[in-house]
Amino acid sequence: MGVPIAWLMHRQDLRLKLLAGRGGLDRDVVWAHSIELADPAPWLTGGELVLTTGLRLPADAGACTDYVTRLTKAGVAALGFGVGLSHQQVPEALVGAAEEAGLPLLEVPLPTPFVAVTKVVMERLAQQQYEGVVQASRVQPRMTRAALRGGAQAVVRELAVSTGTSVVFLDHESRVRAAHPPDVAAPGATVFAGLGSAEPTTAAVSSSQDGVTAVHQVRVGPRVHGRLVVEAERALTPVDHLLLGHAASLVALEAEKPLSLRDEQHRVNGLFLRLLLDGTVAAPLARDHLSEAGFPVRDGIRVLALRGGSPRQSLQTVGEELAERGLPLFGRVHAACAAVLLPAGHAATAQTVMDGARARLRSCTWAGLSDAHDLTDGPAALTEALNAASVAQARGSQAVVPFESLAGQLLAATPQTRKILVTLAEAQLAPLAAHDTAHGTHLLVSLRAFLEHNGQWEAASTALGVHRHTLRGRIERVRGLLGADLDSAHVRAELLLASSAWQESGGSDRTG
């Protein structure tokens, strides 16, 4: 935004006269500055109308050429030379140098004070700013109405038409979602490279010989929906940037609407899941609610539990994976884990969902899946899933661990109980291991076979490949060494668990 030199020349009250640089009449003046230094360049920023009486300017051609060169390099818009004081007319050498450089040179007559020129420029700039505010106040409501009627595409069209630019809306994966004119090409990678950052925090501008590109991020809080890209053949005005920011906000709100509805639905579903897993919701009500939400309940339910990382982040990521498979998210945070409801008939979905979720989750996550349950067995399903997830974490398994695969292994697989069982094994089975090592016997393996076959002599001896009388003799020796009542089911169960823990911890390697 600035005051065109041609506009100044039409102000009859200023009585300005163009002496050189006619080709630069379309330049914009952004400031009028009276300065009499021989080298004013250090105090200039570009776009100024420099006003001087030539008080310190020698009239020779070399000095005039150097003066004009310094002004041109500083990017001034024009030079105004006041006559009637130090110079009765503008030096011919200065006129020639200005014409050679293409710098507009204006003669300011003695009756026209520099302050009058400055005042006209400042008043026009203020008027333009006001006109810009008025223009923005008219365009913004049109943009808002466009957003209500036509969404992102209508907002992009209104922005492009109002600013006379090309506008493209790219989503977070850089795909074109809206554009105007419709045939405008998506900006290439070189455009974003010139911005210094592919994901600017708010906005960035890049200039080249082809024009100007402005990028404004479309976001709400930490959630980024994409970028609005404006391309113009001219410099963008403050009004253009204001409208770009307003358009980005409208597009962000448009993108947030379905997400807000989804987040609210997830919140309601999470409250319902809490009731279901607490066992406080009746089966008919649960069936109706799940069916209306598009959740298959014919085969019952399963619970998927996830350990590790942020449970809420896990819920969000798993929810996105389920949405891609046409399933609603019923999830909640429980005991620092993420618990997700799955249809019982979709057991295989659990692994594919976790594979997709792990690709986006930054931390390690371990998953356990419950058995299939009726709607009234929510608490049991949750307990199974949490136990299976604990086993997955203990194993460091990237596969989903189904609870049904842990039959007979759960106590030994859980770190806390395994530690207790190993301690028990060390206390109870160490005497047998020492006897086997010292005498070359096979008491440990015989005891395990006896226990695993529920005390059935024939089956246990066949599994060992010995006569049943041999096995009886070995078990009697075990009774004597341990002082244990092997006729008791409780004692046999405890010894079987201890034997399993002993074997898994490597204790069996010490039997010789």
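- Nearest heavy-atom pair across F295 and L342 is CZ-C, 3.3 Å.
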Mind running side-chain contact (heavy atoms from CB on, under 4.5 Å) on F169 and H180 for me, showing each step along the way?
CA-CA 9 Å; F169 170 45; H180 192 85; over 6 Å; no
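- At least one donor-acceptor pair closer than 3.5 Å links the side chain of S390 to the backbone N or O of L386.
- Here salt bridge (charged side-chain N to carboxylate O under 4.0 Å, His left out) pairs that include residues 296-315, with residues two or more places apart or in two chains, are R302-E404.
- Ion pairing between D240 and R234 holds under the 4.0 Å rule for side-chain N and carboxylate O.
- In this structure the side chain of L315 reaches within 4.5 angstrom of the side chain of V340, judged on heavy atoms.
- Using a 4.5 Å cut-off on side-chain heavy atoms (C-beta onward), V156 and V168 make no contact.
- Contact check for D355 versus E321: no side-chain heavy atoms found under the 4.5 Å cut-off.
- Nearest heavy-atom pair, W7 versus V3, reported as atom, atom and distance to 0.1 Å: CE3-CG1, 3.4 Å.
- Listed for the T112 side chain is no donor-acceptor partner under 3.5 Å among the backbone atoms of V108.
- Using a 4.5 Å cut-off on side-chain heavy atoms (C-beta onward), L277 and F272 make no contact.
- Without hydrogens or angle criteria, S370 side chain to V303 main chain gives a donor-acceptor distance under 3.5 Å.
- T52 and E36 are linked by a side-chain donor-acceptor pair at a separation below 3.5 angstrom, with hydrogens and angles left out of the test.
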Stepwise, does the side-chain contact (heavy atoms from CB on, under 4.5 Å) test hold for L51 with V117?
CA-CA 9 Å; L51 300 171; V117 179; 4.2 Å; yes
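- A pairwise comparison of heavy atoms in A338 and P311 identifies CB-O, 3.7 Å as the closest pair.
- H246 places none of its side-chain heavy atoms less than 4.5 Å from the side chain of L242.
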Side-chain donor-acceptor distances from residues 76-90 under 3.5 Å, at least two apart:
residue: S86; atom: OG; partner: T53; partner atom: O; Å: 2.4
residue: H87; atom: ND1; partner: T53; partner atom: O; Å: 3.3

Go through the steps to decide whether M122 and K119 satisfy the test side-chain contact (heavy atoms from CB on, under 4.5 Å), and finish with yes or no.
CA-CA 5 Å; M122 296 301 102; K119 182 179 180 182; 5.9 Å; no
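- Contact check for V50 versus I35: side-chain heavy atoms found under the 4.5 Å cut-off.
- Judged as a side chain to side chain contact (heavy atoms under 4.5 Å, CB included), and not counting sequence neighbours, the contacts of T45 are E48.
- S174 contributes no side-chain N or O that, together with a main-chain N or O of L170, makes up a donor-acceptor pair within less than 3.5 Å.
- For V184 against A179, the heavy-atom pair with the smallest separation is CG1-CB, 3.6 Å.
- In this structure, L25 and M9 have side chains that are in contact, with non-hydrogen atoms separated by less than 4.5 Å.
- The shortest heavy-atom contact between V95 and A20 is O-CB, 3.8 Å.
- Under the salt bridge (Lys or Arg N to Asp or Glu O under 4.0 Å) criterion, R145 pairs with no residue, sequence neighbours left out.
- Taking all atoms of both residues into account, the shortest heavy-atom contact from A248 to Q217 is CB-O, 4.1 Å.
- Between the side chain of R274 and the main chain of G331, no donor-acceptor pair closer than 3.5 Å is present.
- Around the CZ atom of R138, the shell of radius 6.0 Å holds no more than 12 heavy atoms that belong to other residues, nucleotides or ligands.
- Between the Q128 side chain and the G2 main chain, a donor and an acceptor come within less than 3.5 Å of each other.
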Can L382 and H334 be said to form a side-chain contact (heavy atoms from CB on, under 4.5 Å), step by step?
CA-CA 9 Å; L382 175 61; H334 180 86; 3.8 Å; yes
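- Salt bridge status for E158 with R142: present, with a side-chain N to carboxylate O gap under 4.0 Å.
- Under the salt bridge (Lys or Arg N to Asp or Glu O under 4.0 Å) criterion, R11 pairs with D13, not counting sequence neighbours.
- Looking only at side-chain heavy atoms (C-beta outward), M143 and L159 come within less than 4.5 Å of each other.
- T280 places no side-chain N or O within donor-acceptor distance of the main-chain N or O of L276, the cut-off being under 3.5 Å.
- Sorted pairs that involve residues 85-100 and meet salt bridge (charged side-chain N to carboxylate O under 4.0 Å, His left out), not counting sequence neighbours, are lacking altogether.
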